[in-house]
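From a predicted model like this one, the values you see are computed outputs, not experimental measurements.
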Amino acid sequence: MKKLELLAPSGDWDSFLAAINNGADAIYLGLGEFNARAKSTYFTMDNIAETVRFAHLRGVKIYVTINTLVSDDEMPSFIKLVEACIAAKVDAYIVQDYGCARVLKSMFDGIELHASTQMGIHNRMGALVAKQAGFSRVVLSREVKLRDIREIAELGLEIEYFVQGALCVAFSGNCYFSALNHGMSGNRGKCLQLCRLPYTARLDDEVIGSGYLLSARDLCMIGCLDELVSAGVVSFKIEGRLRRAGYVAQTVNTYRKALDAVENGQQIDKKSEINKLRQVFSRGDFNYRAYLDAGVPDNVINPINQNHLGLKIGEVASVERFKDLFKVGIRSSHPLRSGDGLKFCDRNGTEVDSLGVGNVDRTKNVDYIYTKHRLAVGLDVYLTLDSHLEAGVLQNVRKIGVEVAISAVIDKPIIASARTTSPSRAEVKLSSDYICQPAKTAPTAETEIREIFTNIDLEIFDTKVSQISIGNVFIPKSALKELRRNLAETMRAEILKEYEAKLPQIKQVATLAEVNKNAEVKSKYNNLIVVNENSDLSSVSIAQNDLVMYAPSDFSETNITQNLDKLHNCYTNVGLALPTIANAQDCVKLQKIVDSLPKSTPLLVQNAYGIELGKGHYLIAGTDMNIYNHYSVAALQNLGINEFVWSKEIAANDTSVFEYAYGHQVLMYFAHCPYKTLWQNTCKNCRYSVKLNLLDQAGKSYRILRHRISQCYFTLFADDLTTKDNISKKYIDLR
């Protein structure tokens with residue numbers, strides 16, 4: 001079995017220490033700019049070298065997230081940041097933007113790139129394209145199936161997978177909700193998390209449900225680790241760069257135990273560990289299987305609660321007046337302590353109140369707390385902060401095991417040798433400046449030497465003095481302590497030297513100016529119009545040199561053939577739009593359909609897999625490919641794309657590249673069923689209707705449409721039309 005990696009998040013120094021001290025093998029962090037958590041600003045170009053040294057000394061890798069879309073104008077600043085990270089000896093870089101990947105691979109020979117989950121890699125074909133683009137690891141989309149993981153592993157790429165934390169409801173990298181509504185792009189690190197707000201569902205003008213209808217449950221994949229390891233996952237990722245240190249400490253601590261148990265063929269008390277995870281953060285019950293299984297998963301959304309709920313521990317047993325407070329009796333399975341956090345909910349799970357625990361009076365069955373909050377008997381009580389639990393994991397310290405041997409002989413310098421026992425293997429040997437003198441009265445005792453050298457740099461080293469060989473000598477304490485200081489300094493340097501000797505050597509082989517960003521795009525079509533079976537084509541004028549792209553609601557060969565034929569009867573140029581999401585079973589079906597089409601049929605590619613699936617066809621990269629700079633145009637052209645559509649999130653006037661002009665804009669793609677969320681139905685009693693809308697608190701409406709391949713997928717559209725003028729090459733979405 002390949003060594004398994006536990007990858008932890010860090011947004012500040014406290015969470016960084018918490019991750020290291022509780023057993024992380026690697027940490028991912030951003031440096032303010034160009035990372036998908038723009039609010040995480042602690043780490044900078046000024047402190048990244050110190051941060052990396054601290055981690056490397058303890059055997060921990062550092063991956064820097066530069067996983068946002070980057071404009072042409074920003075590319076020099078992007079390179080400056082990367083150069084600072086290279087100088088600091090960062091281990092690898094997590095990248096979303098194809099243009100950034102091309103620039104980094106062209107400029108820096110030996111640089112290690114990981115394909116961000118924002119690239120939406122979720123099947124073998126997409127992973128193959130990522131490999132061709134220069135990535136050595138793929139951070140898989142959370143919508144990936146277990147079968148797809150197995151197939152991706154066959155490519156020889158490292159596989160990284162999220163196992164704990166917040167789950168985006170939208171397909172990875174293709175959420176435009178925040179960007180198109182408020183100009184705050186998730187692909188630029190500024191997501192407003194509109195999915196966590198309440199919505200009302202309406203069907204034929206009738207309200208059929210309300211709540212947090214887009215708020216996904218958090219992941220907890222601790223029960224799936226064996227399956228994931230067998231499938232080929234080597235890095236297990238915890239979400240949470242904006243979480244507090246206590247959360248990071250506990251999640252890392254739990255998954256360290258779990259992964260060690262997997263590697264050693266042992267078992268842990270999963271129920272107990274899951275309860276600990278609930279206490280540090282959970283929105284009600286977890287999602288324990290993500291999208292791993294075949295078909296459309298249930299239990300993705302929690303419409304009742306969108307914030308930290310914690311672990312249910314009991315109920316309110318009594319409430320009585322106590323001076324100007326209320327004395328609240330809580331019958332609980334968990335003894336309460338001062339500093340704990342509690343949340344109170346009604347029987348429907350709706351939050352009523354929350355508070356921090358002060359004084360506690362404990363009886364055999366009931367804990368009494370005192371509060372100004374007027375609570376009701378019968379409310380369910382949830383523990384949202386276990387002060388004792390978090391204090392415990394935050395006190396953990398990770399040290400390097402060292403064995404020291406000391407030799408002191410008359411008329412010779414003191415000789416100190418040391419070797420690390422964990423996690424690295426480094427050895428040093430030093431001589432003191434002091435020459436040992438014969439003892440005139442009492443010689444220096446072994447116990448004194450042992451005590452001094454056992455205390456080598458206590459923040460870093462856990463030292464055992466394994467051997468002391470001394471004659472009848474006297475050594476001043478000052479000489480011993482100076483040797484100890486030199487030994488600690490030399491040990492740190494040697495450990496870093498040993499660690500960094502294993503790093504890939506990065507050599508700059510080009511400048512940014514030398515990287516060709518201006519690949520020539522030959523425009524074959526004037527305008528690009530995307531339609532489905534129900535589109536009203538009378539709303540636009542379609543010229544002879546325009547291209548009509550059919551985006552089916554039903555990806556059956558018969559349906560596609562019939563509708564392509566109908567379009568061909570009306571328009572000169574007709575092509576097929578490939579779906580954004582396609583699991584392995586979908587890809588088999590899609591490949592058969594594409595292979596049945598004439599090679600002259602253009603294909604609209606919305607995800608990396610389409611480049612491989614559509615080989616030999618004229619390929620157009622759609623809006624979901626998130627093309628944000630000319631470097632991406634060049635990168636995708638090298639991978640086989642012929643024409644391009646700019647990201648909907650920018651306005652970039654380019655006469656050779658399509659720009660979004662008109663239509664109902666796509667805001668999200670779902671791999672779960674919103675109808676199951678509303679009706680709790682199954683696929684056997686499907687409740688799908690094309691007339692389902694969601695309304696936000698301001699009354700703005702959003703449409704939901706379905707398309708089927710081997711399973712159902714759903715798209716959330718802006719219900720209002722978007723119109724842009726003065727665009728040379730138009731992309732029009734009439735779905």
Nearest heavy-atom neighbours spanning [X] and [Y]:
X: I48; Y: C85; value: CG1-SG, 4.4 Å
X: L157; Y: A127; value: CD1-O, 3.4 Å
X: R196; Y: A216; value: NH1-O, 2.8 Å
X: G232; Y: A153; value: CA-CB, 4.0 Å
X: A115; Y: F135; value: N-CD2, 3.2 Å
X: G120; Y: H122; value: O-ND1, 2.8 Å

Rounded distance (nearest 0.5 Å) linking atom [atom1] of [X] with atom [atom2] of [Y]:
X: L219; Y: Q164; atom1: CG; atom2: CD; answer: 7.5 Å
X: L128; Y: L155; atom1: CG; atom2: CG; answer: 5.5 Å
X: L576; Y: T561; atom1: CG; atom2: OG1; answer: 10.0 Å
X: L146; Y: L292; atom1: CG; atom2: CG; answer: 5.5 Å
X: I732; Y: S539; atom1: CD1; atom2: OG; answer: 8.0 Å
X: F171; Y: M668; atom1: CZ; atom2: CE; answer: 14.0 Å

Is the backbone of [Y] close enough, under 3.5 Å, to the side chain of [X] for a donor and an acceptor to pair up by distance?
X: Y28; Y: I238; result: yes
X: D546; Y: N527; result: yes
X: D733; Y: Q665; result: no

[X]-[Y] side chain donor-acceptor pair, cut-off 3.5 Å:
X: H664; Y: D720; answer: no
X: S553; Y: R706; answer: no
X: N626; Y: Y176; answer: yes
X: Y550; Y: E533; answer: yes
X: S632; Y: N629; answer: yes
X: D586; Y: Y609; answer: no
X: D73; Y: S71; answer: no
X: R37; Y: T65; answer: no
X: S172; Y: Q118; answer: no

Review point. Stepwise, does the side chain to side chain contact (heavy atoms under 4.5 Å, CB included) test hold for N181 with L192?
Key: CA-CA 10 Å; N181 270 345; L192 294 177; over 6 Å; no
Would you call [X] and [Y] a salt bridge, using N to O less than 4.0 angstrom?
X: E151; Y: R147; result: yes
X: D719; Y: R703; result: yes
X: K522; Y: E643; result: no

Within a radius of less than 6.0 Å around [atom1] of [X], do more than 12 heavy atoms belonging to other residues, nucleotides or ligands occur?
X: K724; atom1: NZ; value: yes
X: K592; atom1: NZ; value: no
X: K730; atom1: NZ; value: no
X: K729; atom1: NZ; value: yes
X: K190; atom1: NZ; value: no

**Study point:** Charged tip of K589 within 45° of F555 ring normal and under 6.0 Å
**Key:** no
Side chains of [X] and [Y], heavy atoms from C-beta outward: is any pair under 4.5 Å?
X: N573; Y: Y571; value: no
X: V645; Y: I620; value: yes
X: Q585; Y: K145; value: no
X: Q508; Y: M107; value: yes
X: L721; Y: Y662; value: yes
X: N187; Y: Q96; value: yes
X: I611; Y: I641; value: yes
X: I86; Y: Y93; value: yes

Exercise for review: Might you work through the side chain to side chain donor-acceptor pair (under 3.5 Å) test for N569 and D565, ending with a clear yes or no?
Suggested key: CA-CA 6 Å; N569 289 334; D565 286 344; over 6 Å; no
Exercise for review: Among E33, E649, E74, find the residue that satisfies the salt bridge (Lys or Arg N to Asp or Glu O under 4.0 Å) test when tested with R188.
Suggested key: E74
Check your understanding: Of T715, N607, T623, D624, which meets side chain to side chain donor-acceptor pair (under 3.5 Å) against T580?
Key -> D624
Check your understanding: So, do F658 and Y525 have ring centers that fall under 6.0 Å from each other?
Key -> no
Check your understanding: Given H707, which of F714, Y669, F670, Y713 fulfils the ring-ring contact (aromatic ring centres under 6.0 Å, His included) condition?
Key -> Y713
Review point. Does the side chain to side chain contact (heavy atoms under 4.5 Å, CB included) test come out yes or no for R102 and D97, once each step is laid out?
Key: CA-CA 9 Å; R102 171 180 165 81; D97 192 305; over 6 Å; no
Exercise for review: Begin with the C-alpha distance, continue with both residues' side-chain angles, and end with the deciding distance and a verdict on side chain to side chain contact (heavy atoms under 4.5 Å, CB included) for I581 and Q606.
Suggested key: CA-CA 8 Å; I581 316 174; Q606 299 280 29; over 6 Å; no
Exercise for review: Test L29 against N35 for side chain to side chain contact (heavy atoms under 4.5 Å, CB included), laying out the working first.
Suggested key: CA-CA 8 Å; L29 52 86; N35 87 91; over 6 Å; no
